[in-house]
Number of protein chains: 2
Amino acid sequence: MTPSEVKLPAFERPTLVREGVYQHLRGAILGGEFSPGERLGEVELSARLGVSRTPVREAMMRLTQDGLIDTEANKGMRVRQLALPEITETYVVREELDGLAAALAAEHHTASDAAALRSALAQLDAASPSADQSNNYREQTLLDLAFHRRVVEAAHNAVLLSLCRDLEVRVALIKHQTRTFNAYLHTHDQHAAILEAVLSRDAEGARRAARHHVRTFGALVLADLAAAPAHAAHTGETA
Amino acid sequence: MTPSEVKLPAFERPTLVREGVYQHLRGAILGGEFSPGERLGEVELSARLGVSRTPVREAMMRLTQDGLIDTEANKGMRVRQLALPEITETYVVREELDGLAAALAAEHHTASDAAALRSALAQLDAASPSADQSNNYREQTLLDLAFHRRVVEAAHNAVLLSLCRDLEVRVALIKHQTRTFNAYLHTHDQHAAILEAVLSRDAEGARRAARHHVRTFGALVLADLAAAPAHAAHTGETA
DNA sequence: GCTGACTCGATTGTATACAATATCCACATG
DNA sequence: CATGTGGATATTGTATACAATCGAGTCAGC
């Protein structure tokens with residue numbers, strides 16, 4: 001027995017086809033490669049991915065359950081488009097849950113969590129400062145989500161992680177619906193505040209910081225939507 | 001246009017087969033008709049329900065995503081069994097979310113919500129008082145979940161409802177794993193306290209009451225599990 | 001000219017056939 | 001006698017075939 005490698009990454013098996021399709025589509029939607037409301041045909045996807053309809057259907061079933069796509073019986077599936085009320089609701093819930101996550105992270109984070117958090121924030125900062133906005137928008141979005149995910153992971157609560165994963169999906173969809181709105185405003189300071197409170201094991205401070213961040217950000221998004229409520233179809237990259 | 005019926009119940013169509021299978025299995029698992037850990041074969045279920053494997057597979061895919069069953073590649077699916085850490089985590093998160101739900105319900109509930117809440121509590125009380133314990137255990141469990149669900153619905157936040165639905169699954173599974181532990185202790189008073197605070201639109205009071213209820217109940221469940229941690233297979237109705 | 005029903009095309013829903021993988025038991029071997 | 005290997009069996013994973021449903025375009029009727 002070679003105990004040298006304490007955690008070998010589980011030897012990723014020749015993963016199931018449906019799993020591959022699921023991951024691929026999920027990433028594509030979260031990455032914004034499909035416009036909200038865009039129709040997804042089974043046959044087209046099957047052909048594009050070179051597999052049969054079966055695993056595609058099963059993957060889309062999961063995505064529906066995840067809330068990434070809407071399914072209407074006999075009418076196919078399309079990328080989910082969130083209405084304004086649901087966006088408001090998302091931020092209400094997220095404030096509570098991210099607050100809890102930050103508080104728990106402050107209490108339970110390990111040394112490796114701390115390192116991961118610092119790294120995630122550094123990556124986010126590296127992508128944000130003043131680089132071309134439109135180009136790395138997707139990257140920023142993903143890195144932002146990754147940082148928040150790290151916080152939740154540091155809480156060491158699998159149930160919370162699972163729920164936050166659901167919210168993450170909605171946040172990602174929202175961000176793509178408000179693409180015109182550029183993200184990195186004063187988020188850096190807020191992220192840093194969360195990180196600092198977590199690292200110093202100040203649970204209530206972390207909770208406050210996280211809640212404040214979500215509230216601020218949510219308000220900005222909602223303001224943006226109120227200003228231009230008819231985003232509708234964001235097919236191309238508008239100037 | 002016949003505006004007389006404001007909300008006709010959507011005329012439940014000759015529902016999709018996979019939907020029927022999903023509802024059936026979900027109800028069966030939540031109702032405790034399958035023992036935790038029990039194996040569910042596709043062919044057996046297909047035969048029993050008189051449909052092909054396809055809709056069964058798709059339903060089980062959704063159930064897996066819901067967290068009701070575990071799936072291992074090429075090894076089939078079995079009813080999920082929660083480990084103690086996850087049970088602890090569930091109550092931590094539920095305290096936060098049920099608290100939020102109660103607070104929002106206090107702020108946003110309508111007259112019909114109020115009626116539904118009162119009715120739900122009355123039903124629960126009718127089933128609980130001192131009736132035979134083991135006989136209507138399932139009914140009590142379902143009614144208890146229904147009351148809490150009503151509170152969440154009264155909050156009028158679809159995102160929160162969706163997340164609480166996930167938690168509800170876990171709570172139901174936990175209740176079945178701790179079947180020996182009988183439920184209706186002083187829960188009535190706590191339920192009544194939540195209801196009263198909600199109806200009097202006391203948001204923070206409702207939050208406190210809900211959190212207190214979850215904390216109390218969670219502690220009891222955990223104590224029960226600590227006393228008899230090896231529940232393992234609860235196949236028959238033990239005496 | 002407009003409204004309504006009908007038919008055709010396309011797409012999804014379900015069932016079944018085929019392939020791949022895992023589990024179990026027998027058997028040979030040390 | 002224990003252990004490892006081999007094959008048989010059963011179950012899941014994927015592909016395809018068939019049925020049902022939906023949408024659009026068209027033509028008849030008013």
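Just so we're on the same page: letters track the sequence lines, and every chain starts at 1. Just the heavy atoms: all of them, side chains too, but no hydrogens, waters or symmetry mates, feed the values below.
- Put simply, CZ on A/Arg39 is 9 Å from C1' on C/dT12, counting in whole angstrom units.
- To the nearest angstrom, P of D/dC22 lies 5 Å from CG of A/Asn74.
- Between the P atom of D/dT9 and the NZ atom of B/Lys75 lies a distance of 22 Å, rounded to the nearest Å.
- In terms of position along DNA chain D, the nucleotide closest to B/Val43 lies nearer the 5' end than the nucleotide closest to the other residue of the pair B/Val43 and A/Thr54.
- Rounding to whole angstrom units, CD of residue B/Glu72 and P of D/dT12 are separated by 12 Å.
- Distance from the side chain of A/Pro55 is smallest for D/dA15 among the nucleotides C/dT14, D/dA15, D/dG13.
- Using a 4.5 Å heavy-atom cutoff, the side chains of B/Met60 and B/Thr71 are not in contact.
- Counting non-hydrogen atoms under 4.0 angstrom, A/Arg57 reaches a base of the nucleic acid.
- Following rounding to the nearest Å, B/Arg18 (CZ) and D/dA20 (P) show an atom-to-atom distance of 17 Å.
- Here A/Arg80 pairs with A/Asp70 in a salt bridge; the nearest charged N to carboxylate O distance falls below 4.0 Å.
- In this structure, B/Arg78 atom CZ and C/dT23 atom P are separated by 11 Å, rounded to whole Å.
- Separating the CG atom of A/Leu16 from the C1' atom of C/dA19 is a distance of 14 Å, rounded to the nearest angstrom.
- Picking from D/dT12, C/dT23, C/dT14 the nucleotide with the shortest atom distance to the side chain of B/Glu42 gives D/dT12.
- Using a 4.0 Å cut-off between charged nitrogen and carboxylate oxygen, B/Arg150 and B/Glu153 count as a salt-bridge pair.
- Note: CZ (B/Arg53) to C1' (D/dT12) measures 6 Å, nearest angstrom.
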Can you list the steps and then say if B/Asp144 with B/Thr141 is a side-chain hydrogen bond (donor to acceptor under 3.5 Å, both in side chains)?
CA-CA 5 Å; B/Asp144 183 83; B/Thr141 298; over 6 Å; no

